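So you know, we letter chains A, B, ... as the sequences are listed, proteins then strands, and number each from 1. No experiment lies behind these values; they were computed from the predicted model shown.
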There are 2 protein chains.
Amino acid sequence: MSSVAEPHQADDGHGPGGGLAHRVPDLGALELLLAVARLGSLGAAARELGITQPAASSRIRSMERQMGLALVDRSPRGSRLTDTGALVTDWARRVVEAAECFDAGAQALRSRRDSRLRVAASMTIAEYLLPGWLLALRAERPDTAVSLHAGNSAAVAERLLANEADLGFVEGLSVPTGLDSVVIAHDHLIVVTAPGHPWARRRRPLAASELAATPLILREKGSGTRQVLDSALGGLARPLIELSSTTAVKAAAVSGAGPAVLSELAVREELAMRRLVSVPVEDVALARDLRAIWPTGHRPVGPARELLSLTRG
Amino acid sequence: MSSVAEPHQADDGHGPGGGLAHRVPDLGALELLLAVARLGSLGAAARELGITQPAASSRIRSMERQMGLALVDRSPRGSRLTDTGALVTDWARRVVEAAECFDAGAQALRSRRDSRLRVAASMTIAEYLLPGWLLALRAERPDTAVSLHAGNSAAVAERLLANEADLGFVEGLSVPTGLDSVVIAHDHLIVVTAPGHPWARRRRPLAASELAATPLILREKGSGTRQVLDSALGGLARPLIELSSTTAVKAAAVSGAGPAVLSELAVREELAMRRLVSVPVEDVALARDLRAIWPTGHRPVGPARELLSLTRG
DNA sequence: CGCTGCTCATAAGGACAGGTTATGCCTCCA
DNA sequence: TGGAGGCATAACCTGTCCTTATGAGCAGCG
């Protein structure tokens, strides 16, 4: 029951030129570029990253050679980004930020035991929201060791009640007894298809009956997403296929296998890139709350309170 | 006049443990992990990336050692991700996607001459939107060579009229004569502050007069963002400091220097991570259109039409 | 039952990237 | 006219990642 079982997908150009890694400078080089942009000098950037000035000079130079672009204007009294360098640096910043989220998440997965704050979260929240929160928390309280356990809503509640976690995050319809909660955000399930699908060009909203009558790509029964959909349609959702992870559902939908129902959190990126298109729906209650939960009476204090305050919009 | 001149900022933990690059696997490893997730086998993933099976095996193993996490369940008939591996892979996917955007953008900056589609775009669009569009275009038309030139709105128009570009993207109030256009999206300028600023806790919307009376962190006169703000306030915006790039303005605002006015495109990430907070505003027309533009009479065809169709919501 | 085909693991060697120290040149400023 | 800070080059070292060659576990089939 663990996870990924993805269908074939016809996308991504694994064409010639070899992997991304040969065309994109590695993270260390991008980090260095950001430091140069911020500090205005190769030497200063080198010091900040704990390397020597010649190392920085050589690394920036080979990055420019690799990309075929002049990124930095060197002068005897400092270095500034060129115009294209500024643009490249902005794109690089996004890569580094994603890597920082990765790192924050990985670190939380690693430090299981001796953590000052033990968090349990549902898959969707752990995937899309939590790394950013952890990063923000680290910015304010750099020495707070956080541990993370991801699972379904029931598992999260269980861990809290067993005192194996201090704070939980779930997306669901109801809160288990013995737990207090606060709504931290709202989420909507939305219907998505590949851009080529007939529904993609629909202007008139889909009726609930139509949705219930159409075979859909769905998460397995028991997942939070599926529960909300079944309840909204009165237990009637017809699966085209059932997949055990959000990722697999997205991949199937992108490949054109059919319409899928997913959290808007999960498909924001795909919508922005037009890999998926949202289909308007009427009359169906696909909203759900994202909640922070904790054992009744143990109102969050210290790091837990800090993290909680970061999550509220 | 080129670019970045960032003020001091007290954030990011350049603390111990050395750079990100030592804690996060490099792009090649992340790419490999995604391939393993998708294909269900180390050997198959290795083949897809054009390396040998032992190389893949060793690389995954050292990634697991580096992170201190078991990512893959190996068996004599294939490999599957562990639960934590699935989570890590989802985070890795975001890093790789950011790198793909970086690559698409860099490639467009590089191929200046012999391109089938020459695009000119304003800075904001080039920074935040265009890489995604280029990636989507590459997915559909892998062999379309695109070149990109970024500049302010006037420069974009100039390039189009001089037949140095086929398609332009600008965010602005008006369209120069000699050019046709279509609105592809709507953008709003928003007022943001660091979370600690008094305005951050404001519930009651800010009046235009209040905004005009307060010194703000702003882009330089002549930028599209500044033009819209000045016009909305009747030419009255009072600068606290003027900076020459969106990035510098964001950094100043994050560090708490004061309130800033920026496109919501530019601060979406910062808002999500609570590094900045949006301040409600009333009575001020801060909306602006994002437009695709082209020389009158040369309606986009071929690759230009293709790209245009990807940008419309 | 043993062959064939798939999987992953290990071992030994080579290429290269990225780091270091040492040094030189340029420019601004006191 | 030093001195300080900036960048570049050269020579060398080391670790990482790749390769080829080989071994071993599990499945299906004649």
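Contact of the Arg93(B) side chain with the Thr247(A) side chain is registered, since non-hydrogen atoms from C-beta on lie closer than 4.5 Å. Counting heavy atoms from C-beta on, the side chains of Ser115(A) and Val146(A) never come closer than 4.5 Å.
Toward the 5' end of DNA chain C, the nearer of the two residues Gln53(A) and Pro76(A), judged by each one's closest nucleotide, is Gln53(A).
Remark: C1' of dC18(D) and CG of Leu42(B) are 16 Å apart, rounded to the nearest angstrom. Between the P atom of dC17(D) and the CG atom of Leu30(B) lies a distance of 12 Å, rounded to the nearest Å. Following rounding to the nearest Å, Leu32(B) (CG) and dC17(D) (C1') show an atom-to-atom distance of 12 Å. Between the CG atom of Asp73(A) and the C1' atom of dC7(D) there is a distance of 13 Å, rounded to whole Å. In this structure, the CZ atom of Arg61(B) is 14 Å from the C1' atom of dA11(C), given to the nearest Å. Taking atom CD on Gln66(B) and atom P on dT16(D), their separation rounds to 10 Å, with Å as the unit. Look at NE2 on His22(A): it is 13 Å from C1' on dA15(C), rounded to the nearest Å. Going from atom CG of Leu39(A) over to atom P of dC7(D) covers 11 Å, rounded to whole Å.
Partner of Val72(A) under the side chain to side chain contact (heavy atoms under 4.5 Å, CB included) criterion, chosen from Thr82(A), Thr89(A), Leu81(A): Leu81(A).
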* Step by step, would you call Leu243(B) with Glu220(B) a side-chain contact (heavy atoms from CB on, under 4.5 Å)? -> CA-CA 6 Å; Leu243(B) 297 167; Glu220(B) 80 285 1; over 6 Å; no
* Asked: Yes or no on side-chain contact (heavy atoms from CB on, under 4.5 Å) for Ile125(B) and Met123(B), after CA distance, side-chain angles and deciding distance?
  -> CA-CA 6 Å; Ile125(B) 291 176; Met123(B) 290 306 296; over 6 Å; no
* To do: Start with the C-alpha distance between Gln107(B) and Arg23(A), add both sets of side-chain angles, then the distance that settles side-chain contact (heavy atoms from CB on, under 4.5 Å), and finish with yes or no.
  => CA-CA 9 Å; Gln107(B) 203 159 315; Arg23(A) 296 194 306 269; 4.3 Å; yes
* Asked: Could you go step by step and tell me if Val96(A) and Leu30(A) meet the side-chain contact (heavy atoms from CB on, under 4.5 Å) rule?
  -> CA-CA 7 Å; Val96(A) 170; Leu30(A) 298 182; 3.9 Å; yes
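At dA9(C), one or more side-chain N or O atoms of Arg74(B) fall inside 4.0 Å of OP1 or OP2 (strictly under the cut-off). When the side-chain nitrogen and oxygen atoms of Ser79(B) are compared with OP1 and OP2 of dC8(C), one or more of them lie within a distance under 4.0 Å. Contact check, Ser41(B) against dT7(C): a side-chain N or O comes under 4.0 Å of OP1 or OP2.
Note that the two end axes of the helix from dC1(C)-dG30(D) to dA30(C)-dT1(D) enclose an angle of 10°, each drawn from 5 base pairs, rounded to 10 degrees.
Between Ala46(A) and Ala56(A), the shortest heavy-atom contact is CB-CB, 3.6 Å. Across Met67(A) and Pro25(A), no two heavy atoms sit closer than the pair SD-CG, 3.8 Å.
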Please tabulate, one pair per line, each protein N/O and nucleotide N/O from nucleotides 17-19 of chain C that are separated by under 3.5 Å, including the distance.
residue: dG18(C); atom: OP1; partner: Asp26(A); partner atom: OD2; Å: 3.3
residue: dG19(C); atom: OP1; partner: Arg59(A); partner atom: NH1; Å: 3.2

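The side chain of Pro54(B) has dA21(D) as its nearest neighbour among dC28(C), dA21(D), dA8(D).
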